[in-house]
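Input: a single structure, listed below in structure tokens.
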Amino acid sequence: MDKSEIIERLEAIAVLLELQGENPFKIRAYAQGARALEALEIPLDVLIAEDRLATVRGIGSALADKITALHESGELPLFDQLKAKVAPGLLEMLEIPGLGAKKVRILNKDLGIDSIAALQSAAESGSISNLKGFGVKSEAKILQGIRNREAYSARHLRWNVIPVVENILSGLRSLEAVQQAEAAGSFRRGLETVGDLDFIVASKDPEVVMDWFVKQSHVSEITARGQTKSSVRLEDGLQADLRVVPASQYAFALHHFTGSKEHNVALRKRALQRGLSLSEWGFDVRGGNSQPLPSNIDNESALFDALGLANIPPELREGYDELKLAEAGSLPKLIKCSDIKGAFHNHTNASDGHENLEDMAEGAAARGWEYIGIADHSKSSRQANGLNEERLLRQVDAIAAYNQRDDACCHIFSGCECDILPDGSLDLADSTLEKLDYVIIAVHSAFTQPREQMTRRILRAMEHPFVTMLAHPTGRLLLKREPYEVDMEAIIEKALAKNIAIEINANPKRLDMDWRWWLKAAKRGLKTSINPDAHRVEQLGYIAAGVLTARKGGLTANSVLNTQSLTEIISWLEQRES
DNA sequence: GCCGTTTTCGGCCCGACTGTTTTCAGTCG
Ligand SMILES: Nc1nc2c(ncn2[C@H]2C[C@H](O)[C@@H](COP(=O)(O)OP(=O)(O)OP(=O)(O)O)O2)c(=O)[nH]1
Ligand SMILES: [Mg+2]
Ligand SMILES: [Mg+2]
Ligand SMILES: [Zn+2]
């Protein structure tokens with residue numbers, strides 16, 4: 001098995017153990033082990049070959065043995081035994097809000113329920129409400145959960161919820177009772193998809209704020225309403241949580257509600273090691289320690305400082321190695337939107353874009369950019385009206401002519417998004433590619449090739465001397481199409497060796513290469529280009545989504561080609577040619 | 001199952017909300 005399959009296996013084991021009523025800390029050990037694998041910076045094969053797996057934090061000798069077994073044979077008796085004992089339907093039942101492992105176990109043991117269908121008929125017949133721990137309300141909630149299972153469990157593209165967030169946020173901020181308000185959670189961390197919306201407010205009058213929140217017109221249901229916290233379901237099934245705290249505790253609450261969970265747990269553990277208990281309400285002494293509590297914590301930076309850490313930007317709070325970096329003072333200085341000076345991967349109506357060269361150039365200039373690269377599709381992408389050699393050379397001439405014009409508002413670079421054919425050769429002749437300022441290569445066909453073949457194919461294409469950057473290296477469409485199978489570690493190696501950039505495709509549905517890979521690749525010096533892949537002028541705005549992904553990946557402006565000025569880009573491109 | 005300026009057992013983040021609880025367990029964030 002490869003690493004990602006082993007990670008899935010360990011996560012599955014954690015859930016299965018939970019359904020067996022196992023020790024929660026053992027369950028967490030499996031989940032932590034999966035995360036530790038995810039964060040590995042040394043290839044798994046190497047660690048196994050050198051017998052160093054158990055030296056990884058979060059992986060002990062027991063997990064090391066199991067991971068090794070999975071890696072070598074894919075077989076693990078523990079998993080097979082668990083699979084045999086736990087009905088697959090129980091996993092689906094966990095998706096129903098209000099049903100956790102304990103309740104699912106009771107339903108299974110006492111009523112023999114082992115599927116959503118059985119759960120539904122039991123609830124409809126009223127037999128669940130007689131069980132201990134259940135009642136009429138929980139029975140009704142189960143039925144509602146089944147009816148809306150898809151809507152309730154769906155994640156949403158961050159980009160699509162921005163208007164909803166801004167709307168709620170401005171509503172909150174317009175209330176007199178609200179002193180401060182922020183969108184927190186995965187949204188604030190810039191995650192590509194969000195499971196819900198999380199809002200945090202500082203106020204002296206929580207009642208007023210929560211009243212407003214739960215009475216918004218697009219609220220379909222109030223799922224919780226307490227002293228400091230409310231949850232609602234919005235019309236499309238998206239959940240929104242609100243937490244209201246006094247201004248004096250806002251920094252703690254904002255940090256808590258921003259997460260991630262794993263980051264919070266790590267930070268709280270660090271506090272404990274220093275004799276402090278940390279919660280969303282503040283610090284408390286732990287055990288017999290009687291040192292004075294840190295005071296005047298009125299922003300997140302002060303909170304981190306009290307724990308001996310540099311201020312960690314929300315995008316980096318995913319519970320990987322950000323605490324270590326913050327302690328050492330070696331957090332990266334993350335790229336900002338204002339660092340962007342242009343963009344390379346954009347289309348015109350020559351292929352499947354909707355606007356012409358001049359429009360795109362004007363759009364770039366309107367953003368204050370110095371240049372724009374046009375990279376239309378190549379001929380084998382027929383569905384996208386890809387350009388053959390002749391049409392592309394005409395575009396090269398048109399761009400040259402545009403750049404000569406006195407009224408040119410922005411420099412245009414001639415490029416193309418050249419298909420990587422199924423055998424790894426490029427779609428356009430060298431004699432044509434040679435005439436371009438730069439060449440982007442991308443897979444647009446034969447997505448289902450086996451991993452080895454896909455990897456060989458892309459590596460072969462990257463050997464081509466004219467290649468400047470690799471576009472959307474996994475082809476994923478968030479929430480829609482899985483990434484195709486490819487060995488990203490090998491691709492990253494090759495890109496480093498050949499001085500090829502890997503793009504961050506900034507289309508909010510792609511955000512590919514993923515920030516999780518960038519966390520590792522950034523440290524190794526791999527360059528990126530944040531590419532809007534705009535098919536119309538308006539979509540140049542996707543750049544913001546790409547910058548967020550770059551920030552999550554720990555990238556500085558230096559690692560991003562399109563933070564360079566026009567003159568720097570020109571000399572860099574010339575240099576590459578020689 | 002992992003881990004150790006409390007080193008090989010006894011901890012493991014901490015709190016809000018709900019429902020059915022008669023004093024708190026389970027779920028969720
Ligand atoms: N300390 C602590 N904080 C938690 C825990 N679970 C959630 N939080 C905090 C951190 C989360 O970012 C924040 C909001 O919770 P969510 O469940 O909405 O998670 P988040 O927004 O990170 O991801 P999401 O996209 O909603 O799935 O609450 C937990 O178990 N412990
Ligand atoms: Mg959330
Ligand atoms: Mg939430
Ligand atoms: Zn296109």
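Owing to the predicted nature of the structure, the values given are computational and were not obtained by experimental measurement. Just so it is clear: chains get the letters A, B, ... in the order the sequence lines come, proteins before strands, and each one is counted from 1.
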For [N], does either OP1 or OP2 sit under 4.0 Å from a side-chain N or O belonging to [X]?
X	N	value
S138(A)	dT20(B)	yes
R35(A)	dC2(B)	no
K229(A)	dA16(B)	no

Inset, instruction - With a 4.0 Å heavy-atom cut-off, tell me which residues in residues 37-52 of chain A come close to DNA chain B, sorted by residue number. - result: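 Nucleic-acid contacts, sorted: none.
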Inset, instruction - List in numerical order all residues of residues 98-111 of chain A for which some heavy atom is under 4.0 Å away from an atom belonging to DNA chain B. - result: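 Heavy-atom contacts with DNA chain B come from G98(A), L99(A), G100(A), A101(A), K102(A), K103(A).
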[X] [atom1] - [N] [atom2] separation (whole Å):
X	N	atom1	atom2	answer
D198(A)	dC28(B)	CG	P	15 Å
Y152(A)	dC28(B)	OH	P	14 Å
R233(A)	dC28(B)	CZ	P	11 Å
E22(A)	dC2(B)	CD	P	13 Å
F134(A)	dA25(B)	CZ	C1'	12 Å

Legend entry - Pairs involving residues 200-212 of chain A, ordered by first then second residue, that meet salt bridge (Lys or Arg N to Asp or Glu O under 4.0 Å) (sequence neighbours left out):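 Only E207(A)-R225(A), D211(A)-R225(A) qualify under salt bridge (Lys or Arg N to Asp or Glu O under 4.0 Å).
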Inset, instruction - Mind jotting down which residue pairs meet the salt bridge (Lys or Arg N to Asp or Glu O under 4.0 Å) criterion with at least one end in residues 109-134 of chain A? Sequence neighbours excluded, please. - result: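 Pairs touching residues 109-134 of chain A that pass the test: none.
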Inset, instruction - Indicate, with a heavy-atom threshold strictly under 4.0 Å, whether V245(A) touches base, sugar-phosphate, or nothing. - result: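 Contact class for V245(A): none.
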Inset, instruction - Quick one: label P97(A) by what it contacts on the DNA or RNA (base, sugar-phosphate, nothing), any heavy atom closer than 4.0 Å. - result: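 Answer is sugar-phosphate: P97(A) comes under 4.0 Å of backbone atoms only.
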Legend entry - G-U wobble or Watson-Crick pairing nucleotide for dT8(B) (cut-off 3.5 Å, both distances):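 Check on dT8(B): unpaired, no WC or wobble geometry under 3.5 Å.
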Inset, instruction - Summarise how protein sits on nucleotides 8-13 of chain B as a single string, 5' to 3': B when a protein heavy atom is under 4.0 Å from the base, S for sugar-phosphate-only contact, - for no contact. - result: ----BB
Please tabulate the protein-to-nucleotide N/O contacts below 3.5 Å involving nucleotides 21-24 of chain B, giving atom names and distances.
none

